[in-house]
Amino acid sequence: MRTQLVTLVTLLGLFMSGAALAEQRVLRGQVLLVEKNEETRPAAGAQVELPGYGNPARTDSSGSFRLFLPDAFKAGDSVTLSVRLKGYRLWSPQEGRTLVPKSLETQVLEVRLLPAGSRKFLSDEGIEQLLRAAMDSARNQPPSRANPQNAGLSRYLADWAHQYGFSAQQVKAEVDRWIAEVEKKQDDESRMAVAAFARKDFQAAARHAGASAERKRQRFEEWVQKTEAEKQRLGDEVARDYQIQGDAYIQELKHLDKAVQAYEQAAKYVSKQSDPHLWASLWSNLGLAHGLLGARTQAGTGKLEHLEAAAVAYRRAMEVPIREQHPMLWVVTYSNLSHTLLGLGRQSPENRQAEWLKQAVEASRLALQVDVRATYPTLAERMQEGLGTALLELGRRTEGKAGLALLEQAEEALQLALATPMCHCEEKKDPKNQAELHHLLGGALLEQGMRAGSGEEALRHAVQAEKEFRSALSYFTRERHPESWAANQNNLGVALLHQGRHAQGAARFSLLTGAVDASCLALSSMPRGTHEWFEAWENVHQALREHAKSFSKQSSEVPEDFALQARSVDVWVLATYLDGIRVSLDPLLRKSHTPPQLEVGLRVLSITLALSSRDPESVPGELDALRAVIAAQPPDFKVSWDFSLLRCFIQNQDRLDSSRDWLRTLLHALQADRRDAIFEGLYNARVSFRTP
């Protein structure tokens, strides 16, 4: 495609003062304006530069320019020129690509510009180059979360249309015309692959690209007597066809293994010297294909192999200097590398995790060297999130001051991610990603608070962490996001527990009650026996223990409200039991003036503990006593005991596996809104009780 500003990878030279280098090596050229009658005239005042290297030159009245050329560029190397002149766009050389002349002193490069809106830009050749450039741009742009290799050609075409003086409808019409003509002629498999890709028929694109690459590959092998330059040109064409095939396979995420094969084939026919940008793009996409395969492979050796292969491919992509002239390829490659290394840090054996995570942090920092906030704010947000996540994971695995420093850096990175402003464009903040950021930030704050132990610093972090987890829960719901909802509920419980340890009186009671409730809610959506389940169950136990301390030592802290008193009894009884101490409720039940509401709760607790202790002989007698209490109450009697904590205990106590359903039936009976219905439910429970 002929564009005003196009990039091609160039080798990075050593920077010295502009004046000193200008004396050594200068690229000479002339910029001409092409008029409607094909006549040309010099372009005065045009700006010419090598993107990424600074030192732009201005053409004089004859259109001539002298451009500083870094020492790294040798005769025959590819370079890319950027040419700007108001009202005009670059026509030739195509995409600004040219070769360094053999003689800098005598050879002069010719550059031609056309008026913006010239129909020549929409010729068949121009449309083909436009679509190929759009595909190339799509490879080097940030992928969407929905489709990690989204063929976002429409945005590029719309931007190009605006830049070159056309309407989006004009360009679309010409593209559609070109596609129809190519598919009608069917005389060039490579063009047919581009056409199929543009209309998102990726199976056809892969088929045509593969056929074209194979024919060219055979010609390449037969060209024994051709010059190296001719073979290399054909080799680059072979590589590009295989690249289109890989891109097509990767689009639908169904044939990722074939995408890997296509990219590997392409890499055989391109070198770092012949086309550094193509080299980097191929290896970067090979890394993406392996990374996607790893994400779709069950945990184990195969998963790690794909992730490690992805990391190797991304690093190979960066063996050529692309940051200056291809900043987005640099950003996307290092961002994807960081994500892959983070996966390795989580999935690898424990003794290798820290090293992978250190590399993930380094890759994230390299990606962030290019500021994309103005053009791709969503990507900037995601990159800060990647850095924050890697720092958080590494901080959790690092002890002492070094670990705390990493956690503080994670907090800073995640705060920056949340604060990333959106530009005035189509991009908007993703509510789910915002919730994930709040969840991660809460984790960083909570970890810092736990390491602080006690004191104001620990309390401050716990309070801030609670705020972040509640923000995450404003989006994550139990129905739509059960795993994320449960994780945030559990973390909220831990944050409240740490606050409760620092509080006194009613505030302590309220915080610890909230901690128990949050962790119990988390348990309700977690598969039993998982690491997350054990962690949440331990959090419940810790919160109950802290709660029971207040109840047993300072009875004045227990609220007068009956519902809260009932919760305090639940807490004390269950915490004592979970600590391995046999609890007897007989002294409370034998009091002559025990209120019926309290007696109901105590007897249900007694029944539950008897079954959990594998001592079911006392259950029938407790049931009869419970029925007697209910029978003595007025017709409108309702049980006020909440039993939510007891339900949590019943759901998660292993010793109640054989009695769980019966206990749920018992609690359901006690929820009836009149005495007679409660009594009937208790009768049915008594009849159905069987000694486990």
Side-chain angles (χ1 to χ4, degrees), residues 392 396 407 435-436 438-454 458-479 481-504 506-551 557 563-564 567-568 570-575 577-579 642-653:
L392 174 57
R396 284 172 170 164
L407 292 169
E436 290 171 350
H438 284 296
H439 168 74
L440 290 167
L441 179 56
L445 291 164
L446 184 58
E447 189 75 28
Q448 291 179 68
M450 293 170 68
R451 295 195 182 198
S454 60
L459 179 59
R460 180 176 67 83
H461 281 107
V463 171
Q464 291 177 334
E466 177 196 352
K467 178 182 177 183
E468 298 303 325
F469 294 133
R470 291 194 186 280
S471 293
L473 286 167
S474 67
Y475 174 81
F476 291 130
T477 64
R478 185 174 188 170
E479 294 73 26
H481 319 95
E483 291 184 7
S484 297
W485 179 84
N488 276 280
Q489 287 287 1
N490 187 44
N491 287 339
L492 175 60
V494 177
L496 292 170
L497 169 61
H498 280 273
Q499 291 180 62
R501 284 173 170 160
H502 295 82
Q504 299 295 327
R508 175 182 172 86
F509 185 91
S510 177
L511 287 165
L512 292 174
T513 297
V516 173
D517 289 342
S519 293
C520 279
L521 284 172
L523 284 166
S524 68
S525 288
M526 289 179 174
R528 289 181 61 193
T530 62
H531 170 76
E532 293 77 12
W533 179 87
F534 280 112
E535 185 179 80
W537 184 232
E538 177 60 24
N539 289 339
V540 170
H541 191 182
Q542 292 291 332
L544 288 174
R545 184 181 288 122
E546 289 292 331
H547 214 323
K549 288 179 184 178
S550 296
F551 179 67
E557 292 188 5
L564 297 181
R567 168 56 67 93
S568 298
D570 276 345
V571 166
W572 176 69
V573 171
L574 295 178
Y577 177 83
L578 288 171
D579 279 340
D642 178 67
F643 293 125
S644 60
L645 179 54
L646 191 60
R647 286 191 179 87
C648 179
F649 178 81
I650 291 170
Q651 173 64 27
N652 296 286
Q653 176 59 269

Practice item. Using the test ring-ring contact (aromatic ring centres under 6.0 Å, His included), find all partners of His481 that sit at least two apart in sequence or belong to another chain. Key: Tyr475, Phe476
Review point. What's the shortest heavy-atom distance between Leu511 and Ala503, and which atoms?
Key: CD1-CB, 3.8 Å
Review point. Can you list every salt bridge (charged side-chain N to carboxylate O under 4.0 Å, His left out) pair that touches residues 520-532, not counting sequence neighbours?
Key: Arg528-Asp654, Arg528-Asp657
Point to revise | Residues that Glu466 engages under salt bridge (charged side-chain N to carboxylate O under 4.0 Å, His left out), provided they are two or more places apart | key: Arg470
Check your understanding: Who pairs with Leu459 by side chain to side chain contact (heavy atoms under 4.5 Å, CB included), at least two apart in sequence or on another chain?
Key -> Val463, Gln499, His502
Exercise for review: Please test Leu512 against Leu496 for side chain to side chain contact (heavy atoms under 4.5 Å, CB included), starting from the C-alpha separation and ending with a verdict.
Suggested key: CA-CA 6 Å; Leu512 292 174; Leu496 292 170; over 6 Å; no
Practice item. Could you pull out all residues at least two apart from Phe469 that satisfy ring-ring contact (aromatic ring centres under 6.0 Å, His included)? Key: none
Exercise for review: List the steps and the verdict of side chain to side chain contact (heavy atoms under 4.5 Å, CB included) for Phe649 and Leu578.
Suggested key: CA-CA 10 Å; Phe649 178 81; Leu578 288 171; 4.0 Å; yes
Review point. For Arg396, what residues pass the salt bridge (charged side-chain N to carboxylate O under 4.0 Å, His left out) criterion, not counting sequence neighbours?
Key: Glu447
Review point. Checking side chain to side chain contact (heavy atoms under 4.5 Å, CB included) for the pair His439/Ser471: CA distance, chi angles, key distance, verdict?
Key: CA-CA 8 Å; His439 168 74; Ser471 293; over 6 Å; no
Check your understanding: Taking only residues two or more places apart in sequence or in another chain, which ones pass side-chain hydrogen bond (donor to acceptor under 3.5 Å, both in side chains) with Thr513?
Key -> His547
Check your understanding: Quick one: does Ser524's side chain get under 4.5 Å of Arg478's, heavy atoms only?
Key -> yes
Check your understanding: Sequence neighbours excluded, which residues qualify as side-chain hydrogen bond (donor to acceptor under 3.5 Å, both in side chains) partners of His461?
Key -> Gln448
Exercise for review: Could you walk me through whether Gln653 and Tyr577 pass the side chain to side chain contact (heavy atoms under 4.5 Å, CB included) test, one step at a time?
Suggested key: CA-CA 11 Å; Gln653 176 59 269; Tyr577 177 83; 3.8 Å; yes
Check your understanding: Between the side chain of Thr530 and the main-chain N/O of Pro527, is any donor-acceptor distance below 3.5 Å?
Key -> yes
Review point. What pairs with Asn490 under side-chain hydrogen bond (donor to acceptor under 3.5 Å, both in side chains), at least two apart in sequence or on another chain?
Key: Glu535, Asn539
Exercise for review: Output all residues satisfying side-chain hydrogen bond (donor to acceptor under 3.5 Å, both in side chains) with Glu538, sequence neighbours left out; order by chain, then residue number.
Suggested key: Gln542
Check your understanding: Does Asp579 have any salt bridge (charged side-chain N to carboxylate O under 4.0 Å, His left out) partners at least two apart in sequence or in another chain, and if so, which?
Key -> Arg545
Review point. Are Arg647 and Asp642 close enough for a salt bridge, meaning some N to O gap below 4.0 Å?
Key: no
**Study point:** Distance, nearest 0.5 Å, that separates CG of Leu445 from CG of Asn491
**Key:** 11.5 Å
Review point. Would you say the side chain of Lys467 lies within less than 4.5 Å of the side chain of Gln464, judging by non-hydrogen atoms?
Key: no
Check your understanding: Just by distance, do the side chain of Ser519 and the backbone of Val516 share a donor-acceptor pair under 3.5 Å?
Key -> no
Review point. Any side-chain heavy-atom pair from Arg567 and Leu645 closer than 4.5 angstrom?
Key: yes
Exercise for review: May I have all residue pairs that pass salt bridge (charged side-chain N to carboxylate O under 4.0 Å, His left out) and include part of residues 484-499, sequence neighbours excluded?
Suggested key: none
